[in-house]
Amino acid sequence: MTDIKLLWKEATYSALKSLAASSGLNESIGDIESLVAEYPPKPELGDIGFPLFGYAKLLRKSPVAIAIEVEKLLLARGEELLRYGRPKAVGPYLNIFLDRVSIVGDILARGAKKNWNASQPFESRRVMVEFSCPNTNKPLHLGHLRNNVLGESLSRILKAAGAQVKKVNLINDRGIHICKSMLAYQVYGGGRSPEDEGLKSDHFVGKYYVLFNQLKKENPKAEEKAQELLRLWESGDPETLSLWKKMNHWAVEGIKTTYARQGVDFDDYYFESLTYTRGKQEVLDGLARGVFYRDLDGSVWVDLEDVGLDKKVLLRKDGTSIYITQDIGTAIQRSKDWPFDELVYVVASEQHYHFRALFEILNRLGYSWSKNLFHLAYGLVNLPSGRMKTREGTVVDADDLIDELTALAKKEIEAKGRDSLVGDPTVVAERVALGALHYYLLQTSPTKDMLYDPEQSLSFTGNTGPYIQYMGARACSILRKGKETGLSQDSLDESSISAAAKVLDNGSDWPLIRCLASFSSALEGAARVKEPSIMAAYAHELAAEFSAWYRDNPVLSNPDPALSAGRLRLVNAVKSTFEQVCELLCIPFLEVM
RNA sequence: GCGUUCGUAGCUCAGCUGGAUAGAGCGACGGACUUCGAAUCCGUAGGUCGCAGGUUCGAUUCCUGUCGGACGCACCA
């Protein structure tokens, strides 16, 4: 599809060029990029549209007249071009009606295959994606769920578009916040384990982090003691390290369980405790080269005021590194470990300023790849009641939320009397819950703050993940019935496909086919601007299109067996496309639900 | 104060490098289950795209200003 589009674009562009030449105008008509190809709003207008307004002034003709002349020029080129479709002037637009049989053929060839996507605009690009990056003092919450699904989905989209992707996670396993939960555990824990208290291990650690607030009330020196614990940790005190290791293990293992449940994983884990001293040497080198400067008290600074930022501290007066110093070191290390064409940080938009400074500092240190760093900033997830706050207990815990959604989905399955039809209702319910949650989080563009309305997300009607899952399940259902009737012909040899394609070259099947064909441009768009929301919009469009199609176009109960067989092939392609789309959006695909 | 970002239907959101009549879902109202699964579908109502300028043949989209919200401007992470 992409190639055919390009072919028509080139043909139209060269027609415009010769039009300019024959009018005796030597003015340039701009490069081919200035000719935009779009989709006409209605199928009956054509499959590709070129608006010609921009050429009116250059050619001293109305766009309507230009369209007519371009159409004439293109028609004159004969079969060599016209076997790929027909050009038609439609007002100020030059539209193309593509050769539908060949397009249908391409779609049907998807069949039940997994990897039919041939369009790979990101081929050979190496992209590293960093996401999640939890603290080890508490379990994941709703905000992490948005981060995780954004990072995972974007990685899958980039991979599908042909890129080599490396997913990395940086665990924040050191610092004062970790020491607080350790201190509270020393005071209240009594040496108990998560098993002793019957808690998931990360929730167990989180409980003690919350208990630190109680400790502060009981003991005014609690903050001081936490600082003391941090000093002990940094000096390598064995007892402190052993407690730290134990609690971190609990936290990380619990968090990994949630990842597995969510269907998220990583190619590499970095631990801040192992990387936090990196970057110091880089800063000292930069200082020696005059990129940074030393203050009278001994601290090291960078002045970014000329690019609209402030002066930033890079090393404390005692020579220790801070947050941004670590990120400098980590970025440089990564560029050595796995040279990338691009590094994407999926981090909340609160830290936008931090990343602008980081990228600029790396630029000043002379790393040419600093221009290939990208902060995928996402907005906060708010509740109808306001912002989530740890201290006010308004944080929505990730595991609890998935549990609640699962329970609700199960109730829905039972209410519809489908519990005996879906296999294990609990398993299916959790997959529906994840579909609901992930789609809800991905449909909004990342940059925006979003409102998480538990009620709406718990409802499975409308523009939701379960709706998309349902349409996938319906496609499967038709295919199952088709097998029983013996109408389905799955052979993928060229002649049988093109025979089926001819049957499907009609007005009623076209809107669905056109939608299936636009998958690659949705994928390309989502990968280019790094927004899974574009793929989510495509998923909904496909679901709605399929729903409308099978309502009006009987597949099995059709008097024409050839049409039935052809449409069954089409349903097969629909199913295959849904599987791909669901995979990209972290929505579990369901054969029945 | 400075910076970043957002403002589209009653609510939650789409609208891709400026292009053909600004779209979904929820909610409201009215319809469709002897028919491939009604977690569905169809119809109706609902918009000065925050406001004011500017660029352009053309602006929800780009620029400037302005109003409103969010976030940021630590020797915290």
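Labels below follow one simple rule: chain letters A, B, ... track the order of the sequence lines, proteins then strands, and each chain is numbered from 1.
Contact annotation for A/Q469: no contact, since no heavy-atom pair falls under 4.0 Å across all strands. Heavy atoms of A/K317 sit under 4.0 angstrom from at least one base atom. A/V529 comes within 4.0 angstrom of no nucleic acid atom, judged by non-hydrogen atoms across all strands. Here A/Y353 lies in heavy-atom contact (under 4.0 Å) with sugar-phosphate atoms only. Within the 4.0 angstrom heavy-atom criterion, only backbone atoms of the sugar-phosphate kind lie near A/T444; the bases stay farther away. Here A/L314 lies out of heavy-atom contact (under 4.0 Å) with every strand. Residue A/H354 is out of contact with every strand shown, counting any heavy-atom pair closer than 4.0 Å. Within 4.0 Å (heavy atoms only), A/L556 reaches at least one base atom of the nucleic acid. Within 4.0 Å of A/A473, counting heavy atoms only, lies at least one base atom of the nucleic acid. Note on A/D552: nothing from the nucleic acid sits closer than 4.0 angstrom, heavy atoms only. A/S445 comes within contact range of the sugar-phosphate backbone alone, with a heavy-atom separation under 4.0 Å but no base atom that close. Contact annotation for A/V592: base contact, defined as any heavy-atom pair under 4.0 Å involving a base atom. Among the protein residues, A/R418 comes within range of the nucleic acid bases, having at least one heavy atom under 4.0 Å from a base atom.
B/rU34 and B/rG27: their P atoms are spaced 24 Å apart (whole Å). Distance check on atom C1': B/rA24 versus B/rG46 gives 14 Å, rounded to whole Å. Comparing B/rU55 with B/rG65, their C1' atoms are spaced 15 Å from each other, to the whole Å. Rounded to the nearest Å, the gap between the P atom of B/rG37 and that of B/rC51 is 48 Å.
For A/N248 and A/T136, the side-chain atoms include at least one donor-acceptor pair closer than 3.5 Å. Side-chain polar atoms of A/R146 and A/Y378 form no donor-acceptor pair below 3.5 angstrom. A side-chain donor from one of A/K410 and A/T426 sits under 3.5 Å from a side-chain acceptor of the other. If you check the side chains of A/N172 and A/H177, you find no donor sitting under 3.5 Å from an acceptor.
Between A/Q443 atom CD and B/rC16 atom P there is a gap of 17 Å when expressed in whole angstrom units. Atom-to-atom, CE of A/M450 to C1' of B/rC11 comes out at 14 Å; the value is rounded to the nearest Å. One can place NZ of A/K9 at 13 Å from P of B/rU17, the figure rounded to the nearest angstrom. In this entry the distance linking OH of A/Y323 with C1' of B/rC73 reads 15 Å, nearest Å. Whole-Å rounding puts the A/L380 CG to B/rC71 P distance at 7 Å. Rounded to whole Å, atom P of B/rA20 lies 19 Å from atom NZ of A/K88. Atom P of nucleotide B/rC26 and atom CZ of A/F460 are separated by 14 Å, given to the nearest angstrom. In this structure, CG of A/D310 is placed 12 Å from P of B/rU4, rounded to the nearest angstrom.
Pairs engaging residues 421-455 of chain A under the ring-ring contact (aromatic ring centres under 6.0 Å, His included) rule: A/Y440-A/Y452 [sequence neighbours left out].
The residues A/E71 and A/K88 are annotated as not salt-bridged, no charged nitrogen and carboxylate oxygen being separated by less than 4.0 angstrom.
With its glycosidic angle more than 90° from 0, B/rC16 is assigned anti.
For B/rA77, its base never sits under 3.5 Å from the side chain of A/D327 at any donor and acceptor pair.
Using a distance-only test at 3.5 Å, with no hydrogens or angles considered, a donor-acceptor pair links the side chain of A/D303 to the main chain of A/E305.
Residue A/K9 places its NZ atom among more than 12 non-hydrogen atoms of other residues, nucleotides or ligands, all under 6.0 Å distant.
When the nucleotides B/rA70, B/rA20, B/rU12 are ranked by their closest atom to the side chain of A/D449, B/rA70 comes out on top.
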Worksheet item: Quick one: what's the B/S/- string for nucleotides 54-59 of chain B, heavy-atom cutoff under 4.0 Å, read 5' to 3'?
Response: ---B--
Worksheet item: What do the steps show when you test A/W8 against A/Y13 for side-chain contact (heavy atoms from CB on, under 4.5 Å), and what is the final call?
Response: CA-CA 8 Å; A/W8 279 106; A/Y13 180 71; over 6 Å; no
Response to the item:
Pairing string of RNA chain B (Watson-Crick or G-U wobble, both atom distances under 3.5 Å; | = paired to other strand) is (((((((..((((.....[...)))).(((((.......))))).....(((((..]....))))))))))))....
